[in-house]
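Index from 1, following the sequence. Everything numeric in this text was worked out from a predicted model, so none of it was measured.
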Amino acid sequence: HSLYHNIHYVLSLKKNLSIPLETRRMVPWILWLLWKNRNNLLFEGMVYLVKDLLDKIKASSDEWFHAQEIEIGEEKKEQDVLDGIKRLWRPPPKPWLKCNVAFSWDKEKKIGGSAWVLRNSEDGKDLVSAVSRPRAWPSFKGQVHQILLALSLVLNWRLEHEERKANLGAFLIARSVTLEDRSQSYVAQGYPFWLKDVFTNESCIT
């Protein structure tokens, strides 16, 4: 066979699913080390034996993919750390107050629960979008009007969407209405006793 036919055959190995992945992914190293072997023959008069060449191709391929797996694993660990930091509840900067709001809806029972938790510096996404862009959410017009009316009494305010992990306290209170039938409305100073661990852990974050 001609040189071009042989190169075409090697390149076609990548698309042949009947060949093990470990072999298919060696294609770049097959071509590279054959080229190096050719140069060694031309300029130094030395070549690898076929078995040694195959061993080197496999070793080079395995080493490269192993390095990629390690790098991807390290990047994932770093991203997990960043995601964890991002999703934890964070206190507001002084002198702001932070009010976490959460909602829960049970389709079968047709009941909903809501909760808000107000904290200082020491201590639902659709609705946020509706307030920020009311024209895009006409079905929330009534709720948006009431929220903006209440916020008009506050001198400075800002509305942001929080990930559930960063809004856990308020979410668990709201969900207790639909999941545990805690339907009694109340306003209290301090957190519910059954959520002591959640709020204690959040208060430790600086």
Side-chain angles (χ1 to χ4, degrees), residues 1-93 98 100 102-105 107 124-129 132-133 136 158-172 174-175 178-179 195-206:
H1 296 297
S2 68
L3 175 62
Y4 298 107
H5 182 274
N6 289 336
I7 292 177
H8 178 268
Y9 173 76
V10 172
L11 292 174
S12 67
L13 295 178
K14 293 185 67 174
K15 299 180 180 179
N16 190 343
L17 299 181
S18 64
I19 298 175
L21 176 62
E22 186 181 55
T23 301
R24 283 185 280 129
R25 70 184 189 181
M26 291 182 189
V27 169
W29 286 270
I30 293 174
L31 297 175
W32 171 243
L33 289 170
L34 283 175
W35 177 258
K36 287 186 65 178
N37 208 37
R38 169 195 175 275
N39 290 343
N40 287 339
L41 176 62
L42 291 177
F43 299 110
E44 300 179 17
M46 299 173 58
V47 293
Y48 286 109
L49 296 175
V50 174
K51 182 180 184 305
D52 293 338
L53 184 61
L54 291 175
D55 289 342
K56 188 167 182 60
I57 289 172
K58 184 178 185 305
S60 298
S61 176
D62 290 345
E63 182 180 347
W64 190 87
F65 279 102
H66 181 62
Q68 302 313 302
E69 290 174 359
I70 293 176
E71 184 175 347
I72 292 173
E74 292 299 324
E75 290 178 353
K76 187 177 184 304
K77 288 180 182 178
E78 292 177 4
Q79 189 60 49
D80 288 344
V81 171
L82 292 175
D83 289 345
I85 293 173
K86 181 180 178 181
R87 293 173 182 172
L88 291 175
W89 182 86
R90 293 288 170 183
K98 186 173 186 178
N100 286 90
F103 305 91
S104 176
W105 173 254
K107 293 182 179 180
K125 189 174 182 180
D126 288 346
L127 195 55
V128 172
S129 299
S132 303
R133 297 182 295 112
R158 185 175 65 205
L159 198 63
E160 295 181 356
H161 171 249
E162 289 271 31
E163 296 288 341
R164 180 167 293 177
K165 288 184 178 179
N167 197 34
L168 193 58
F171 168 72
L172 291 176
R175 193 180 66 172
T178 56
L179 193 63
L195 289 177
K196 177 181 178 181
D197 290 343
V198 172
F199 285 94
T200 300
N201 290 337
E202 289 183 345
S203 67
C204 295
I205 300 172
T206 58

So which heavy atom on Ala174 is nearest to which on Ala102, and how close?
->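 Reported closest heavy-atom pair: CB-O, 3.6 Å.
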Can you name the nearest heavy-atom pair linking Thr178 to Ser104, along with the distance?
->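 Heavy-atom minimum between the residues: OG1-OG, 2.7 Å.
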Mind checking the OG-CG spacing from Ser18 to Leu13? Nearest 0.5 Å is all I need.
->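 With rounding to 0.5 Å, OG (Ser18) is 9.5 Å from CG (Leu13).
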Hey, could you give me the CG/CG distance between Leu168 and Leu195, rounded to the nearest 0.5 Å?
->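 So the CG of Leu168 and the CG of Leu195 are separated by 8.0 Å.
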Heavy-atom neighbours of Tyr9 OH exceed 12 at 6.0 Å =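 No, OH of Tyr9 has 12 or fewer neighbouring heavy atoms, counting only those of other groups under 6.0 Å.
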Identify which one of Leu49, Ile57, Val50 satisfies the side chain to side chain contact (heavy atoms under 4.5 Å, CB included) criterion when paired with Leu53.
->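 Single pass found, and it is Ile57.
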Without placing hydrogens or testing angles, list every side-chain donor-acceptor pair under 3.5 Å for residues 22-39, not counting sequence neighbours.
unit_1, atom_1, unit_2, atom_2, d
Arg24, NE, Asn16, O, 3.3
Arg24, NE, Ile19, O, 2.7
Asn37, OD1, Tyr48, N, 2.8

By side-chain hydrogen bond (donor to acceptor under 3.5 Å, both in side chains) - contacts of Lys51 (at least two apart) =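 With neighbours one apart ignored, the set is Asp55.
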Listed by chain and number, what are the side-chain hydrogen bond (donor to acceptor under 3.5 Å, both in side chains) partners of Asn40, not counting sequence neighbours?
->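 Partners of Asn40 under the side-chain hydrogen bond (donor to acceptor under 3.5 Å, both in side chains) test: none.
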